[in-house]
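Notes for the one structure printed next.
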There are 2 protein chains.
Amino acid sequence: MMNIKDIARLAGVSASTVSRVVNGKKYVKPEIRERVLDLVRENGYVPNNAARSMVLKRTFTVGIVVPDAFNMFQRQLFSAIERKLEGYGYGTRFFLVKAEPESEKACLGRLKAEMLDGVIMLLEVDDPEFYAVIADSGLPVVLCTFGRADLGLPSVHIDEEAAAKAATAHLIGLGHERIGLLAGAQFSFGKQRQAGYEAALREARIPVMAGRVVVVPSYTAEAGRMGMKELLGREADLTAIFAVTDELAVGAIRALYEAGRPVPDAMSVLGFDDIDISASLSPSLSTVRQPIAEIGTEAAEIIYRLISGVPAETDPIILPYTLLARETTKRREGRDRNGNMA
Amino acid sequence: MMNIKDIARLAGVSASTVSRVVNGKKYVKPEIRERVLDLVRENGYVPNNAARSMVLKRTFTVGIVVPDAFNMFQRQLFSAIERKLEGYGYGTRFFLVKAEPESEKACLGRLKAEMLDGVIMLLEVDDPEFYAVIADSGLPVVLCTFGRADLGLPSVHIDEEAAAKAATAHLIGLGHERIGLLAGAQFSFGKQRQAGYEAALREARIPVMAGRVVVVPSYTAEAGRMGMKELLGREADLTAIFAVTDELAVGAIRALYEAGRPVPDAMSVLGFDDIDISASLSPSLSTVRQPIAEIGTEAAEIIYRLISGVPAETDPIILPYTLLARETTKRREGRDRNGNMA
DNA sequence: TTGAAAGCGCTAACAA
DNA sequence: TTGTTAGCGCTTTCAA
C-alpha cells in the first residue's frame, strides 16, 4: 500500500506538498498539483485514516450505537442518518450492543478507543454511568428515538405516550372496548406506550384490566405470537389488540391466524412504528408511523452542529407521529358500547 | 481523554511499562502491574486504536461490505459473522455501497483508508476492477452468498440454481404447471434462480414462457407487488408464483390480496431466503431457507484463517439449502396436468 | 524487569 | 510556493 512519502518521491516533491494537494489546499503550483494528482490516481493512493485522525484529532466519523439485533425500524433510521451525515462529509460506524451490562461496558470502551467525533444512540442503554462517562468525556451525543431530559442530553423522538394514546383511541373510536395490549418491559418506550394505552382507556371510561395486558420479553414476531396466545387463553372476548411494535403485531396476527380468528373481522390489530413491510402485508397493518427519515435527519443535524461547536439544545426535539388506519383495524361489529347496533 | 503517558506519569513508570501491562505482556513486576491496572480502571483509560493500528499495522477489524439498503437477510447474516469474529477478537465495520458505480469506487477508497485486516463481501459488486484491486492489495477477502470462482476468490454460498430448481420442482410436484416467476436482474443470484426455475420446467417438460416471467428492478415488497400486478394483467391463468426473494413474495401476496385472489387457495406463492418474518406471516411463507448462520460462521472462519496466514482455499464452500413447504403453497385444485382430478 | 528512543503515516507550523 | 521539522499515541527493539 502506497503512502504519502511514496507519492512524494515519485512526484519529486515533499510529503507536505502531496498532503496539500490531497487535501485541496492552496499554495501549490498547478502543474505540480496535476502531477501529484495523476500519481495519486495511478497508484490508487488513499491517505491512511488512522494516521490522519491521529494528528487531526478528528475522525470525521460518528458512532451509531444500535442493539445487537437491530430491526428494520432501526435499519431505516440508520439509512436516514447515514445519508445526511454523508452530506456533511462524515462517515458512520456501528457499535452493536447486546442486552447485557457487560456489552454496554464493552461498547463504552470501544467508543473511547475510536476517537469518534460524535455518537448517535439508537439504543437506550440502561446503565446511567454510560451516559455520564460519555457526557463528561465531552463527546457530542444525541439520543435518537428516546429521550433522557434528566441527563441534559439532546434527543429526537416522538411523544410515545401521546402516540400510543391516539392509537388506542383509534381502536376505541372504532367501537372497541375490550382491547388487549402487547407491551414490553425493555426500553422506556415499552412503558410509555403502555401508559398511553391506559390513558386512552381511562379517558373513555373503559376499565384498565391487567388481564388484558401481556408484557413480552422481546419485541419480535415470535414474542408477539406467544403473547397473543397467552391473551387468547386467558381472555376470550377481546375485540382488538394494540401491539407496541409492528413485529409484535405480526406475531399477534399469526397467533390469531392459528386460532382461526381472522384479522380484522374477528379481531382488530394495531401496531406501532410502521416498519417497511407493514404496508405490504395482507391485510396491511394499521400502525403508528414514526417519521423515520425526519428523526434520522434531525439527529444527524444535531450531532453535526454539536461537532461544529454549536452549543447543545437540550430540549428534546419532538416530531409528529401519524396514525395509519390501514386494513387490520375495523369497526367493531355487533353492539357498540352503549348496547346499540353498530 | 487519558493517554498512555498520563497513566505512566500517574503510576510513576514509563509508557513502555504501561503498554506491557495493558497488552498482558510478561516482564512486569506484579505490584507495578496491579498499580497500573488500577489506574487504568480508575481513569477509564482505553488505548487509542488509531495509534495502535498504526504501529501494529493491524486493526483487528474486518470490513463488511453490504448494500446501502441491506435487508433482513443480510442483517441476520451480519449478526452471525459478527458473533463469530468477536470470538476471534476481531471487530467489524460496515461499508455501505449504493447501487452506483461511483459508490463502489468510493467504497474501495474507504476500504483502503481503513487498514482493515480483511473484508467480507455481502454485496456483489459489479466492477471487476474492484475485486482486482482488493486482490492484489493482498487484503484477505471472502465473498459471502455469492461466488466468483473465476476470480480465484474464496466464497461461501448455496447452489442458487439447484435451490431454485428444487423450489420450482416443489411447485410442479404440487400439480402446478402454469408457474409465474418474479425474477430480478440485480446480482447474479437473480439470473441463477431464474435458470433454476427454467431448468425445473424443462425437466418436467413444461414450456418456459416469457409471458410468465417478470424481471423486477429491485428486490423489495413494492417491486414484488408491481411485478405481480403486471403478471396478473398479462397472464390470467397462473396457479403458482415463484418469487426469487421473500420480500418479492410478500409483495406478490399483497397484489394477489388486492386482486381478491387468496393465497394459497387461488394461487400458491413460494419465496426464497427465509427471512425473519417469513415464518410469522399469515399464512406463513413457503420458501427456500439459506443456512444463514452457517454461511456467516463459515465466512468468518475463512477470513480469520486468511488473516492468520493460512493459504486461501479458493474452491467455493457450497452449503445446503432447505425447502420449507409452509402455508403459501398447496396442491393445485382441480385437474392435474394429465387431466385427472387431483 | 524497566526505560529511552525510534518510527508507524500524516498534517501543520515555521522557515526559506 | 515549497520543504523541514515536530509530534499525534502507541509498540517495540535495544540497552541498561
Side-chain angles (χ1 to χ4, degrees), chain A residues 1-37 39-40 43-61 89 109-117 137 139, chain B residues 1-37 39-40 43-61 89 109-117 137 139:
Chain A
M1 204 74 92
M2 286 269 155
N3 67 30
I4 200 170
K5 282 186 189 165
D6 294 329
I7 300 292
R9 193 163 9 80
L10 256 32
V13 298
S14 75
S16 314
T17 299
V18 176
S19 175
R20 287 187 194 103
V21 171
V22 170
N23 293 294
K25 298 273 168 82
K26 300 198 296 184
Y27 306 123
V28 181
K29 217 189 289 179
E31 60 203 74
I32 292 195
R33 184 180 296 278
E34 277 317 307
R35 181 143 44 97
V36 171
L37 246 23
L39 256 6
V40 165
N43 296 283
Y45 166 72
V46 176
N48 179 322
N49 274 346
R52 200 146 189 278
S53 65
M54 237 172 75
V55 22
L56 291 179
K57 305 267 190 202
R58 306 188 57 178
T59 52
F60 294 97
T61 300
R110 289 187 298 136
L111 245 24
K112 281 182 170 179
E114 296 300 339
M115 312 218 354
L116 300 167
D117 292 350
S137 77
L139 182 62
Chain B
M1 204 72 93
M2 285 269 155
N3 67 30
I4 200 169
K5 281 188 188 163
D6 295 326
I7 300 291
R9 192 162 9 79
L10 256 31
V13 297
S14 75
S16 315
T17 299
V18 176
S19 175
R20 288 189 192 100
V21 171
V22 170
N23 293 294
K25 296 275 167 80
K26 300 198 293 184
Y27 305 123
V28 180
K29 218 188 288 178
E31 60 202 74
I32 292 193
R33 183 181 296 277
E34 277 317 307
R35 180 144 44 99
V36 171
L37 245 23
L39 258 3
V40 165
N43 296 282
Y45 166 72
V46 176
N48 179 322
N49 273 346
R52 202 148 187 277
S53 65
M54 236 171 80
V55 24
L56 256 23
K57 304 267 188 204
R58 305 188 57 177
T59 52
F60 294 97
T61 300
R110 289 188 299 137
L111 245 25
K112 281 182 169 180
E114 297 300 338
M115 312 221 350
L116 299 167
D117 292 352
S137 77
L139 182 64

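Note that the coordinates shown come from a computational prediction; the quantities given were computed from them, not determined experimentally.
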Spacing of B/Lys5 atom NZ relative to D/dT11 atom P, expressed in whole Å: 13 Å
Residue whose nearest DNA chain C nucleotide is more 5′ - A/Ala51 or B/Arg20: B/Arg20
From B/Lys25 atom NZ to B/Ser16 atom OG, the distance as rounded to the nearest 0.5 Å: 11.0 Å
Where A/Gly109 and B/Val46 come nearest, the two heavy atoms and their spacing: O-CG1, 3.5 Å
A/Arg9 side, atom CZ; A/Asn3 side, atom CG - distance, nearest 0.5 Å: 8.0 Å
Whole-Å gap separating C1' (D/dG9) and CE (A/Met115): 9 Å
Atom pair CG/OG of A/Asn48 and B/Ser53 - distance to nearest 0.5 Å: 7.0 Å
Residue pair B/Met2 / B/Tyr45: nearest heavy atoms and the distance that separates them: O-CD1, 3.6 Å
B/Val55 side chain, from C-beta outward: closest of D/dG3, D/dG9, D/dT1: D/dG9
First and last nucleotide of DNA chain C, 5' to 3', lying under 4.0 Å from heavy atoms of chain B: C/dT1 to C/dG9
Touch class at under 4.0 angstrom, heavy-atom based, for B/Lys26 against every strand present: nothing
Spacing of B/Met54 atom CE relative to D/dT11 atom C1', expressed in whole Å: 11 Å
Which nucleotide in D/dT1, D/dT12, D/dG9 has an atom nearest any side-chain atom of A/Tyr27: D/dT1
Reported CG-to-CG distance for the pair B/Asp6 and B/Asn43, which is rounded to 0.5 angstrom: 8.5 Å
Atom-to-atom span, CG of A/Asn48 to C1' of D/dC8 - whole angstrom: 13 Å
Phosphate OP1/OP2 of D/dG9: any A/Lys57 side-chain N/O under 4.0 Å: yes
Residue whose nearest DNA chain C nucleotide is more 5′ - A/Tyr45 or B/Val13: B/Val13
Reported CG-to-OG1 distance for the pair A/Asn49 and A/Thr59, which is rounded to 0.5 angstrom: 8.5 Å
Between D/dG7 (C1') and A/Arg52 (CZ): distance, integer Å: 17 Å
Spacing of B/Ile4 atom CD1 relative to D/dT12 atom P, expressed in whole Å: 11 Å
Polar pair under 3.5 Å, donor/acceptor by atom type, side chain B/Ser16, base D/dT11: no
Protein-nucleotide distance (B/Leu56, atom CG; D/dG9, atom P), rounded to Å: 17 Å
Sugar-phosphate, base or nothing in reach of B/Thr17, heavy atoms under 4.0 Å: sugar-phosphate
For atom CG of B/Asn3 and atom P of D/dG7, their distance in whole Å: 14 Å
